[in-house]
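Here the structure comes first, spelled out in structure tokens, and everything after it is commentary.
So you know, we letter chains A, B, ... as the sequences are listed, proteins then strands, and number each from 1.
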Amino acid sequence: MLAVEEVRSSYGRIEALHGVSLDVAAGEIITLVGANGAGKTTLLRAISGVQPISAGRIRFEARRLDGISAHVRVALGIAQVPEGRQVFAPLSVEDNLRLGGWTRRGERLDAELAWVYELFPALASRRRVSAGTLSGGEQQMLAIGRALMAKPRLLLLDEPSMGLAPMLVEQILDVVRSLKQAGLTVLLVEQNARAALAIADRGYVVETGRIATSGSAGELLADDRVRAAYLGV
Amino acid sequence: MTELLQFTFSGLTVGAVYALVALGFTLIYNSCDVINFAQGEFVMLGGMTTVFLGLAGVPLPLAACFAVVLTVAVGLALHRFAIEPARGSGAVVLIIITIGASIFLRGAAQVIFDKRFHTLPPFVGGDAIRIAGAAILPQSLVVLAGAVIILVLLWAFIERTLIGKAMVATAANEIAARLVGIDTRAAVGLSFAIAAAIGAVAGILITPIALTSYDVGTVLALKGFAAAMLGGIGSAVGAVIGGLVLGLLEAFAAGYVSSQYKDAVAFLVILIVLLAMPRGLFGRAPVERV
């Protein structure tokens, strides 16, 4: 479904991705694990088209994405939940969600709205509240709900557990699991490698802008180097 | 008392125009962090185009509509060919680009139109209305009503339509807006178009009272900028209040001190705001992202 081939990307003169390749098949949950600054977020931003790439190719369902603007990629079926939630603070919860469905404006989105409120009941009771006043957990739910409103086929999730209480982390990861059952493909970036690998089918370990190793979630959980570096055992 | 009322009327009329210019600054500043010093030229283009089409025999209502369309086209061109190619440059670069655009538009107007002062007949005729001894021109009421209508329309657009909310979203968080599929370039272009339209309408409304010429934009931009600063740059409510307050201050300074000092008020306001309250009356606290 998604093929990333030898992608390079820089911030100014500093190259953050030195030729990264990975692929994601339809219906999988793939996780990227790695330290802060390894390039995971840069890769997701490149897939979404908000970070330019200097070499390599990104293909989505056999279509090359080079030259396709970020906003068109959403219409093609790629939605991202960015790091740090990035909700539209001055707008209400419901407006945030309706804007999530921006690429499908003109359609009635009531069914999707109902679905998001069902996934995250906490949002339903706060639909008129401005997003900036929500708690961190609620903002994370809103950011995920907003991305789902675009009805993506591929969902990019960047650090959904960051700064959340353990109970909320579990709730969010449960939702991710249920999205897979709903037919979504998920590319999940997580610092919490153990939690991510617990729900993922496969994973890639990213180190300083390169893929260090990859394998099934089980293999990575059993890998001594991964265990030492990312699982703290 | 009569005097005070008289100064208040004229202050509010001029202030309404400053408020509209300040609103144009605010719209563009919010959408792309650019202070558009060509905002005054939008006002000039609205008035001058209407005048010259009128002289060419076009009925005035039609001429006014065409003037707004033309100004919007200029606003869109300014965004597309001057601001957009420089995206990612620093604030100073972008501001200098808008100053350049302002000089260019003024020069073009001088060549295409002329260098004389022009006026338009008032939209509604009749004598000045007398209220407690003070006189108010019917055209002043037209200006105030026009400003109120523009404010209501703009508010409804931003609060009640998804496109308006997409503009708010783009202003609040540009990357996140792109990630939900908003064409943020188009959203910024739209803010230039709306700012141009508001400027043009302001220019058409004020011309029967204040005369227009190719270079009225310079002073109007400065006044509008002072109003936006006073209100707190980026705040729409602040722009309107700032415009009205500046108009009143000017009218009082002209009436009670000397009309020679009228234009100094705007500069004084800019200085005081910068020194004493850089955020203005309604400005938001600067947010540092870490």
Side-chain angles (χ1 to χ4, degrees), chain A residues 12 41 44-45 47-52 68-107 109 130-132 139 142-152 155-158, chain B residues 26-27 29-33 79-80 84-85 87-90 154-191 232-239 282-290:
Chain A
T41 294
L44 289 200
R45 288 167 55 95
I47 296 170
S48 278
V50 293
Q51 164 76 21
I68 296 184
S69 315
H71 64 96
V72 180
R73 296 187 194 194
V74 180
L76 290 177
I78 304 176
Q80 180 176 158
V81 181
E83 187 178 11
R85 301 90 147 121
Q86 314 291 345
V87 296
F88 302 123
L91 295 173
S92 72
V93 166
E94 183 134 333
D95 285 343
N96 267 268
L97 293 176
R98 289 204 177 273
L99 281 173
W102 174 256
T103 52
R104 306 169 63 220
R105 61 195 180 282
E107 296 175 44
L109 297 172
S130 71
Q139 287 194 7
L142 179 57
I144 296 175
R146 184 178 64 181
L148 292 177
M149 290 296 291
K151 263 213 157 169
L155 183 67
L156 311 176
L157 275 166
D158 199 349
Chain B
T26 306
L27 273 169
Y29 177 80
N30 277 343
S31 78
C32 59
D33 290 333
H79 169 247
R80 178 67 189 79
E84 184 60 33
R87 200 169 53 154
S89 310
L154 187 66
W155 176 85
F157 172 70
I158 286 178
E159 291 289 321
R160 292 274 176 266
T161 71
L162 198 63
I163 295 182
K165 285 169 183 168
M167 284 180 70
V168 176
T170 304
N173 192 327
E174 201 247 339
I175 295 279
R178 288 166 72 193
L179 288 176
V180 298
I182 295 168
D183 183 351
T184 53
R185 198 160 74 157
V188 174
L190 184 59
S191 71
I233 194 100
S235 157
V237 177
F282 296 87
R284 288 165 301 209
V287 180
E288 283 294 320
R289 289 246 181 85
V290 284

If you check every heavy atom in residues 73-85 of chain A against those of chain B, which residues fall under 4.5 Å? V74(A), Q80(A), P82(A)

Check whether any side-chain heavy atom of F88(A) sits under 4.5 Å from a side-chain heavy atom of T170(B), and report yes or no. no

Can you tell which part of L91(A) gets under 4.5 Å to a heavy atom of chain B, answering side chain, backbone, both or neither? side chain

Residue A171(B) versus chain A: region with a heavy atom under 4.5 Å: neither

Nearest heavy-atom contact between G181(B) and T103(A) is CA-CG2, 3.8 Å

So which heavy atom on L99(A) is nearest to which on K165(B), and how close? CD1-O, 3.7 Å

Beyond-backbone contact of R45(A) with I175(B), side-chain heavy atoms, under 4.5 angstrom: yes

Distance (rounded to the nearest 0.5 Å) between N173(B) CG and Q86(A) CD: 5.0 Å

Approximate separation, where rounding is to 0.5 Å, of D183(B) CG and W102(A) CH2: 9.5 Å

